Amino acid sequence: KGFLTATLSTLLVIYVFFPFSWIVTTSLKTNPEAMSIPITWIPERLTFQNYFEIWEGYHFTIYFMNSMIVSSSTAFLSTFIGALAGYGFSRFKFRGKTFLIGAILATQMISGTVIIAPYFKMLAEIGLYNTRFGLIIALTTICLPFCAWMTKGYFDSIPREIDEAAIIDGCSRFQAFLFIVSPLAVPGMVATLLFSFILAWQDLLWAMTLTATESTRTVTIGLSFFVGQFQVNWPMLMAATLVACLPSVLLYLFLQRALVSGLTAGAVKQ
């Protein structure tokens with residue numbers, strides 16, 4: 001049984017990490033070596049030139065910064081507004097509440113390709129087409145339903161007496177939400193923040209449709225430029241892909257600690 005478990009675990013690790021290791025080794029090759037047959041698993045001549053060239057000749061710095069701005073803004077806006085909506089659904093009773101919650105869930109079933117044309121027209125009408133702000137608005141509206149639903153579930157698990165005690169002590173409803181209840185819902189808010197950032201970072205369809213110039217394009221569009229009509233520069237594409245993956249990986253590693261601390265918050269009585 002132990003041997004079978006170890007074998008299956010090893011095969012699973014190889015299956016998961018093989019694509020990543022192939023990206024790393026290919027990014028360190030020259031283009032002729034990457035296209036050569038038979039395939040070389042380890043670079044014969046190690047080179048970091050591909051990493052330098054993607055920053056110098058392909059406007060990758062602009063794309064990377066645009067993605068950082070758009071993804072970070074989308075993540076924080078979606079999490080904050082979604083938390084406000086989730087708190088409202090969790091704490092208040094009002095007419096149509098069940099219908100609104102169902103409508104929020106129903107929006108998750110709508111494909112982005114169906115609604116992207118109306119978004120394009122609306123942003124063009126108000127002068128926000130081909131702007132980072134317009135792209136942030138579009139991506140935020142896509143992330144909001146999930147964020148609201150996720151945070152509502154965490155707020156439901158927090159006793160209402162905590163809110164009432166804070167209000168009795170002189171807090172307003174918003175202060176109770178911001179300083180008392182929100183810290184207790186850190187796991188849910190971290191999860192929504194991570195989800196929103198990754199969704200915005202890896203988006204290609206919306207960025208390609210709602211942006212048109214170098215100054216507003218994101219890193220996913222930049223990756224597509226390495227694929228030509230007759231040739232693909234695989235080493236540079238792999239180098240750019242590896243660089244593009246780093247923010248999501250680092251954010252996940254950082255927020256993983258915050259998630260664990262949030263799960264254990266309040267376990268020790270002060």
Side-chain angles (χ1 to χ4, degrees), residues 67-108 122-123 126 128 131-201 247-248 250-270:
S67 286
M68 286 297 297
I69 294 171
V70 170
S71 301
S72 302
S73 301
T74 299
F76 283 108
L77 279 175
S78 300
T79 301
F80 180 70
I81 300 175
L84 287 174
Y87 182 78
F89 281 121
S90 174
R91 291 299 192 260
F92 300 109
K93 294 181 180 180
F94 52 89
R95 183 175 299 178
K97 175 180 175 180
T98 304
F99 171 78
L100 287 176
I101 294 176
I104 287 176
L105 289 177
T107 60
Q108 296 295 91
M122 285 189 293
L123 291 178
I126 61 177
L128 291 179
T131 63
R132 287 191 293 255
F133 185 62
L135 184 58
I136 290 169
I137 292 175
L139 293 174
T140 299
T141 56
I142 296 173
C143 298
L144 265 178
F146 173 84
C147 295
W149 180 256
M150 175 68 76
T151 52
K152 176 189 178 299
Y154 273 89
F155 287 134
D156 286 342
S157 65
I158 299 173
R160 294 174 180 268
E161 289 76 11
I162 294 178
D163 306 52
E164 296 170 358
I167 293 173
I168 291 174
D169 287 340
C171 288
S172 65
R173 175 65 72 171
F174 181 74
Q175 288 174 328
F177 158 77
L178 191 62
F179 300 114
I180 307 299
V181 182
S182 292
L184 299 177
V186 166
M189 300 182 75
V190 165
T192 58
L193 184 74
L194 183 61
F195 166 83
S196 302
F197 183 90
I198 293 177
L199 187 146
W201 184 269
S248 297
L250 294 176
L251 182 67
Y252 176 79
L253 293 175
F254 174 76
L255 290 184
Q256 188 179 34
R257 297 180 181 179
L259 181 61
V260 172
S261 64
L263 289 171
T264 57
V268 180
K269 186 175 181 180
Q270 307 248 341

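Everything numeric in this text was worked out from a predicted model, so none of it was measured.
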- request: State, to 0.1 Å, how close Gly170 and Gln175 come at their nearest heavy-atom pair, and which atoms those are.
  value: O-OE1, 4.1 Å

- prompt: Which heavy atom of Ser78 sits nearest a heavy atom of Leu144, and at what distance?
  reply: O-CD2, 3.7 Å

query: Atom SG of Cys143 and atom CD1 of Ile81: how far apart are they, to the nearest 0.5 Å?
result: 11.0 Å

task: Output the distance between atom CZ (Phe177) and atom CZ (Phe155), rounded to the nearest 0.5 Å.
output: 4.5 Å

field: Under 3.5 Å: donor-acceptor pair, side chain of Ser248, backbone of Ile198
entry: no

message: I need the minimum non-hydrogen distance between Arg173 and Phe92, along with the two atoms involved.
response: NE-CZ, 3.8 Å

query: Considering all heavy atoms of both residues, which atom of Arg91 and which atom of Arg160 are nearest to each other, and what is their separation?
result: O-NH1, 2.9 Å

- request: Please round to the nearest 0.5 Å and tell me the distance separating atom OG of Ser90 and atom CD1 of Ile158.
  value: 8.0 Å

- prompt: What pair of heavy atoms forms the shortest contact from Ser67 to Trp201, and how long is it?
  reply: CB-CZ3, 3.4 Å

- prompt: Quick one: CZ on Phe80 to CG on Leu178, what's the gap to the nearest 0.5 Å?
  reply: 6.5 Å

query: Tell me, which pairs form a salt bridge (Lys or Arg N to Asp or Glu O under 4.0 Å) where one or both residues lie in residues 142-155, sequence neighbours left out?
result: Lys152-Asp156

task: With the side chain counted from C-beta on, respond yes when Leu128 and Met122 share a heavy-atom pair under 4.5 Å apart, and no when they do not.
output: no

query: Which value, rounded to the nearest 0.5 Å, describes the distance between Leu194 atom CG and Leu251 atom CG?
result: 5.5 Å

message: My understanding is that only one of Leu139, Thr141, Thr79 makes a side-chain contact (heavy atoms from CB on, under 4.5 Å) with Thr74; could you say which?
response: Leu139

- line: Taking every heavy atom of Gly86 against every heavy atom of Thr151, the minimum-distance pair comes out as CA-OG1, 3.7 Å

field: Non-hydrogen side-chain atoms of Thr192 and Tyr154 separated by less than 4.5 Å
entry: no

message: Has Ser196 got a side-chain atom pairing as donor or acceptor with Leu193's backbone, closer than 3.5 angstrom?
response: no

task: Taking the side chain as every heavy atom from C-beta outward, state whether Cys171 and Phe179 have any pair of such atoms under 4.5 Å apart.
output: no

task: For the residue pair Phe146 and Phe195, categorise the inter-ring angle as parallel (less than 30°), tilted (30 to 60°) or perpendicular (more than 60°).
output: tilted

message: Just checking Phe99: does its CZ atom have more than 12 heavy atoms from other residues, nucleotides or ligands closer to it than 6.0 angstrom?
response: no

message: Let me confirm one number: the CD1-CG distance from Ile69 to Leu135, rounded to the nearest 0.5 Å.
response: 11.5 Å

